[in-house]
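Just so we're on the same page: letters track the sequence lines, and every chain starts at 1. Just the heavy atoms: all of them, side chains too, but no hydrogens, waters or symmetry mates, feed the values below.
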Amino acid sequence: MLIPVRALVSELSKTHQTLSKTKNLHAFIIKTQLSNDPFYATRLSRFYAINNELISAHQLFDKTPQRSIYLWNSIIRAYAKSHLFSDAFALFRRMLSSETKPDSFSFACLLRACSEKADLNWLRIVHGIVVVSGFGLDSICSSALVSAYSKLGRADEASRIFYGILEPDLVLWNSMISGYGCSGNWYKVLELLKRMRTMGMSPDSYTMVGLIMGLTDPSLVRIGESIHGYCLKCGFDSNDHVNSVLVSMYSRFKSLDSACKLFCCLSQPDLVTWSALITGFSQTEQHMLALDFFKKMNMESKKPDPILIASVLAASAQMAMIKPGCEIHGYAIRHGCDLDVMVSSALIDMYAKSGFLELGIQIFKNMPKKNIVSYNALISSLGLYGLATEAFQMFEEVLLEGFRPDGTTFAALLGACCHARLVDAGREYFRRMKDEFGILAETEHYVHTVKLLGMAGELKEAYELAQSLPQPADSAIWGALLTCCDTHEDYELAEIVAECLFKTKPGKSSYRVMLSNVYAGDGRWKDVQNLRADTGNLKGKIPGISWFHGMKSLKM
DNA sequence: ATAGGGTTAG
């Protein structure tokens, strides 16, 4: 009898078990009457949770008479991980009225749930309970709090918690560094790194990941390379997370050569690293290469996940080619993930962008479970085809279904207004987005609205909107406005806008082309010539278009 | 014999 129990313990101490193995273990435990010991129940519920068998996990939980804190935490965590937040919170409430009191790990589970649910209000409530329960300065809770606030874009609140801890441990340092990292605050990342080292902490692979994520500006490419070198020196290059984040950093900087070089050195790149490289090709408009690498990955018999399938579908959508898109659709069906929300949404987008809106709508209708992402895909597709009324209807359905619209929803709606030239509706959605839903207007919202106003000839209003941003407007906004000035032949404003544009992006050739069109349209040959002289290395591009415009204006 | 918190692509 002793031998099988020892074997059982060794099976239970593994990190993963298949569902059938778990069921066998469960039966065995019941037979040997070990099921009263909460240790066994905890391990089993963990295995059930890994296999997405929450019902079995919950039944097990209900049948276990003595519930240890471990068992409570593992079941709460299981629900939180499957994004069944209300169940997780309900269990937490049950726990509060039970004999077992929550510990720091219980709170950490809930805090993570809040950040994954993107629910700032709940985060603040749980934060309050944490403080009241006396865990405000606890290292586990504070690192969970710091990362939760950071992930919801509240680096300021995260830092307040961080600075309240006198002697942060490595995990807390890492949480704060990646908090600043994902908000792109490189200055703060660097400052923290220096401070942590003066306090005698040595960075680990988590620190590196946070650091590298903070490198958002392409001017930091040299620093990225030296961090890469440092990772090699310290042996962090055997860490999958470090490698994937390095590949996506090089992709972000459009240095696909470096990304490939790094990728090729890896003996066993994991799925995330493959994905980082494939989306890197997409981001640099090398969609065909993205699809080639997807094929290559499959040949190495790696099983893709819904996120990767969604991103190759996006690559195919960008090429507006139906064939590879269909192939990937078939592939998704064969792998049983075509009904996944992420994949379905990408399919809607792909079919619409490839000219088959009807197929996209069909996919949407067939989805067993919809979320805001799928509605966003549908709304933007309808908008793309100029079907603004239908897009607006879908927005009403979003509200009716109780989903919360996000920034992408409004970008899609504004895009629909833009295509259908519905100025008043666009103004109204822009206002509601900010006032009613508290969503911060981002570059894409401004681009759509400025374009919408500009095309309708409301150039002054469009210009004022572009100037109303708290920070200098992105070049895409000025670019859109410049085109509108050109079509409405307002050369005076065009000049002002062009100046704003050059301030934001002096080197970009396509804007010079636009400006040269404006000058040519206005018959200002001297300015066209100056621009040409300025742009020596752009052979052919500017002169060609400008001369063509010039000919037109000469004829007049 | 004894478990759980912090990092990654979209």
task: With sequence neighbours excluded, tell me which residues meet side chain to side chain contact (heavy atoms under 4.5 Å, CB included) with A/S374.
output: A/S345, A/F364, A/M367, A/K370, A/N371
side-chain hydrogen bond (donor to acceptor under 3.5 Å, both in side chains) contacts touching residues 128-156 of chain A (sequence neighbours left out): A/H127-A/Y149
field: Close approaches to DNA chain B from residues 134-151 of chain A, in residue order (heavy atom, under 4.0 Å)
entry: A/S139, A/I140, A/S143, A/S147, A/K151
- prompt: What's the spacing between A/R93 CZ and A/S86 OG if we round to 0.5 Å?
  reply: 9.5 Å
message: Going by side-chain hydrogen bond (donor to acceptor under 3.5 Å, both in side chains), name the pairs with one or both residues in residues 198-209 of chain A, residues two or more places apart or in two chains.
response: A/N174-A/D204, A/N174-A/T207, A/D204-A/T207, A/S205-A/N239
task: Tell me, please, which residues at least two apart from A/K117 pass salt bridge (Lys or Arg N to Asp or Glu O under 4.0 Å).
output: A/D119
- prompt: Does any residue of residues 304-320 of chain A have a heavy atom under 4.0 Å from DNA chain B, and if so, which ones, in number order?
  reply: A/D305, A/I307
message: Need one value for A/D103: base, sugar-phosphate or nothing, where a base atom within 4.0 Å counts as base even if backbone is also close, heavy atoms only.
response: base
message: So if I take residues 180-217 of chain A and measure heavy-atom distances to DNA chain B, which residues fall below 4.0 Å?
response: A/Y206, A/V209, A/M213
DNA chain B contacts among residues 73-89 of chain A, heavy-atom distance under 4.0 Å: A/N73, A/R77
- prompt: Taking the six-membered ring where the residue is Trp, are the ring centres of A/W173 and A/F162 under 6.0 Å apart?
  reply: yes
- request: Would you mind listing every ring pair (Phe, Tyr, Trp, His ring centres under 6.0 Å) that reaches into residues 240-259 of chain A, with sequence neighbours excluded?
  value: A/H228-A/Y250
- prompt: Looking at CG of A/L291 and CZ of A/F281, how far apart are the two atoms once the value is rounded to the nearest 0.5 Å?
  reply: 11.0 Å
query: So which pairs with a foot in residues 98-116 of chain A pass salt bridge (Lys or Arg N to Asp or Glu O under 4.0 Å), sequence neighbours left out?
result: A/R112-A/E116
task: Using the test side chain to side chain contact (heavy atoms under 4.5 Å, CB included), find all partners of A/E191 that sit at least two apart in sequence or belong to another chain.
output: A/Y163, A/Y187, A/K188
query: Which part of the nucleic acid does A/L170 contact within heavy-atom distance under 4.0 Å: base, sugar-phosphate only, or nothing?
result: base
- prompt: Is the centre of the A/Y48 ring less than 6.0 Å from the centre of the A/H58 ring?
  reply: no
statement: To the nearest 0.5 Å, atom CZ of A/R195 lies from atom CG of A/L190 at 13.0 Å
- line: First and last nt of DNA chain B near chain A, cut-off under 4.0 Å to heavy atoms, 5' to 3', are B/dA1 to B/dG10
message: Could you check whether A/D62 pairs with A/R94 (Lys NZ or Arg NE/NH1/NH2 to Asp/Glu carboxylate O, under 4.0 Å)?
response: yes
query: So what does A/L277 touch, heavy atoms closer than 4.0 Å: a base, only the sugar-phosphate, or nothing?
result: nothing
task: Assign A/V272 to base, sugar-phosphate, or nothing according to its heavy-atom contacts below 4.0 angstrom with the strands shown.
output: base
field: Ring centre gap for A/F92 and A/W72 strictly below 6.0 Å
entry: no
- prompt: Under a 4.0 Å N-O cut-off, is there an ion pair linking A/K353 with A/D349?
  reply: yes
